[in-house]
Amino acid sequence: GAVSMFNPRLLENVGLYMAGFPAPYGQGLSGVLVAKTLEPSRSGWHGFFGFDAGFEGLLTGPLGRNAGILVSARRTWLDAMINLGKSDPTFRFPYIADGLVKVKWRPFSRTTFELLAYGSVEGMDMKSDPNTLGRSINETNAATQFDYLDVNLIGSLLFHQGFGAHSSLSLSATALPRWSSNALSGSSLNTFDNDSMSVSWQGALQLDVGDWEGHAWKVGAFAAPYQSTTKLQSALSYLSASGAWTNNSRTVTNETSDL
């Protein structure tokens, strides 16, 4: 559509794993699409402001000598334009808003800490008034209102430590809260008011060894809850003599209490 669910201006690159993907992407099935966001600037302040299907802006710059921050936000504007000048609009066009904050700190040449927070909001409001819309739309002859709101958040912390020329250790922890609400009121046929909130999490570890006995190795583990269970996936990938990556993975599922 006119508005991507994820802001493409925030992407530095996109990669696709068809098979043999590393353990940090342990929830993947047949493949994994990896979207890497832009790196914060440490050399100076930069930014932009744009206007097309919505308003959007980005600002990035240094935080001291060894850190940088990137802040981005956008929102669609069609709902505001359609109802411009209306004191009590009967329909609020679907809207989307999202924002990203990314902070990267490198205290030493091979040590990196990264904090990322991303959030999105989408919603819609609609009223049916029998005095203006007629009984063919609202047979109950009573004003009906429908409201919808969905909020998604992602917060992650990454630690990366390099060793030698091509070896490294990465640790990450991610939390994904979500809240949604939809309600129908004023109708004598059917009314409802549903609110739901959930929080999921995942953690990952990966060790990359660039050269060990003539092979490149990737060793990792991934853990995340799934309903009332916790899934732990480990993976060992190595580069064979033919130049192809081989992935041996193992998944263990343990019963846990409901989260």
Side-chain angles (χ1 to χ4, degrees), residues 3-15 17 21-26 32-52 54-76 96-121 151-179 199-211 216 218-224:
V3 180
S4 172
M5 294 304 293
F6 190 84
N7 192 344
R9 297 182 186 271
L10 298 179
L11 297 180
E12 182 173 291
N13 58 62
V14 177
Y17 288 97
F21 43 84
Y25 310 116
V32 173
L33 183 67
V34 180
K36 180 176 174 56
T37 55
L38 292 172
E39 293 295 317
S41 172
R42 291 191 298 159
S43 60
W45 287 95
H46 313 281
F48 71 84
F49 178 80
F51 174 84
D52 43 30
F55 302 96
E56 64 176 305
L58 181 146
L59 182 65
T60 179
L63 294 176
R65 295 180 56 188
N66 301 319
I69 185 172
L70 183 147
V71 180
S72 174
R74 65 172 182 166
R75 192 193 188 283
T76 55
I96 299 173
D98 59 30
L100 172 76
V101 177
K102 183 176 182 179
V103 178
K104 197 163 188 176
W105 177 42
R106 181 172 293 176
F108 308 104
S109 61
R110 298 180 182 274
T111 305
T112 302
F113 293 90
E114 181 179 294
L115 176 65
L116 184 145
Y118 174 80
S120 67
V121 179
V151 180
N152 291 274
L153 302 173
I154 301 175
S156 69
L157 179 63
L158 171 68
F159 167 76
H160 181 86
Q161 178 66 55
F163 303 100
H166 304 289
S167 301
S168 63
L169 172 68
S170 297
L171 300 171
S172 64
T174 305
L176 301 95
R178 181 185 181 189
W179 181 75
V199 179
S200 60
W201 61 269
Q202 63 186 45
L205 175 152
Q206 179 161 316
L207 175 64
D208 294 347
V209 181
D211 188 4
K218 292 180 182 289
V219 183
F222 171 89

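Note that the structure is predicted; figures quoted are calculated from it, not measured.
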Trainee: side-chain contact (heavy atoms from CB on, under 4.5 Å) with F51: which residues, sequence neighbours excluded?
Mentor: F55, W77
Trainee: Return the set of residues passing side chain to side chain donor-acceptor pair (under 3.5 Å) with T174 (not counting sequence neighbours), or none when no residue passes.
Mentor: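 Not a single residue meets the side chain to side chain donor-acceptor pair (under 3.5 Å) criterion with T174.
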Trainee: Is the closest side-chain heavy-atom distance between Y118 and L153 below 4.5 Å?
Mentor: no
Trainee: Run the numbers on L157 and E114 for side chain to side chain contact (heavy atoms under 4.5 Å, CB included), then give the verdict.
Mentor: CA-CA 6 Å; L157 179 63; E114 181 179 294; over 6 Å; no
Trainee: Of all residues at least two apart in sequence or in a different chain, which pass the ring-ring contact (aromatic ring centres under 6.0 Å, His included) check with F163?
Mentor: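 None.
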Trainee: List the residues meeting side-chain contact (heavy atoms from CB on, under 4.5 Å) with P62, not counting sequence neighbours, and say none if there are none.
Mentor: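 side-chain contact (heavy atoms from CB on, under 4.5 Å) check on P62 returns W45.
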Trainee: Using a distance-only test with no angle check, is there a side-chain donor-acceptor pair under 3.5 angstrom linking T37 and K102?
Mentor: yes
Trainee: If the condition is ring-ring contact (aromatic ring centres under 6.0 Å, His included), which residues does W105 pass it with, not counting sequence neighbours?
Mentor: F113
Trainee: Can you list everything that forms a side-chain contact (heavy atoms from CB on, under 4.5 Å) with L205? Sequence neighbours excluded, please.
Mentor: L169, L171
Trainee: Tell me every residue that passes side chain to side chain donor-acceptor pair (under 3.5 Å) with T111, counting only those two or more places apart in sequence or in another chain.
Mentor: Q161
Trainee: To the nearest 0.5 Å, what is the distance between CG (L116) and OG (S156)?
Mentor: 4.5 Å
Trainee: Atom CZ in F159, atom OG in S170: separation rounded to 0.5 Å?
Mentor: 8.5 Å
Trainee: Report yes if the side chains of T112 and K104 come closer than 4.5 Å at any heavy-atom pair, otherwise no.
Mentor: yes
Trainee: With respect to S72, which candidate in L38, V101, L10 satisfies the side-chain contact (heavy atoms from CB on, under 4.5 Å) definition?
Mentor: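 When side-chain contact (heavy atoms from CB on, under 4.5 Å) is applied between S72 and each of L38, V101, L10, only L10 qualifies.
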Trainee: Where do A223 and W201 come nearest, in terms of heavy atoms and distance?
Mentor: O-CZ3, 3.6 Å
Trainee: What residue pairs, at least two apart or across chains, pass salt bridge (Lys or Arg N to Asp or Glu O under 4.0 Å) with a residue in residues 57-68?
Mentor: none
Trainee: Do L176 and S200 have side-chain heavy atoms sitting under 4.5 Å apart?
Mentor: yes
Trainee: Should D98 and R74 count as side-chain neighbours, where that means a heavy-atom distance under 4.5 Å?
Mentor: yes
Trainee: Shortest non-hydrogen contact from V209 to S167?
Mentor: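 The answer is CA-OG, 3.6 Å.
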Trainee: Please tell me if the side chains of R42 and E39 come closer than 4.5 Å, counting only heavy atoms from C-beta onward.
Mentor: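 With C-beta onward as the side chain, the pair stays apart.
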Trainee: What residues, two or more places apart in sequence or in another chain, satisfy ring-ring contact (aromatic ring centres under 6.0 Å, His included) together with F108?
Mentor: none
Trainee: Which residues satisfy the side-chain contact (heavy atoms from CB on, under 4.5 Å) test with T60, sequence neighbours excluded?
Mentor: P40, S41, H46, L58, L70
Trainee: Listed by chain and number, what are the salt bridge (Lys or Arg N to Asp or Glu O under 4.0 Å) partners of R110, not counting sequence neighbours?
Mentor: none
Trainee: In chain order, what residues pass the side chain to side chain donor-acceptor pair (under 3.5 Å) check against Q206, with sequence neighbours excluded?
Mentor: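 Result, side chain to side chain donor-acceptor pair (under 3.5 Å) vs Q206: D208.
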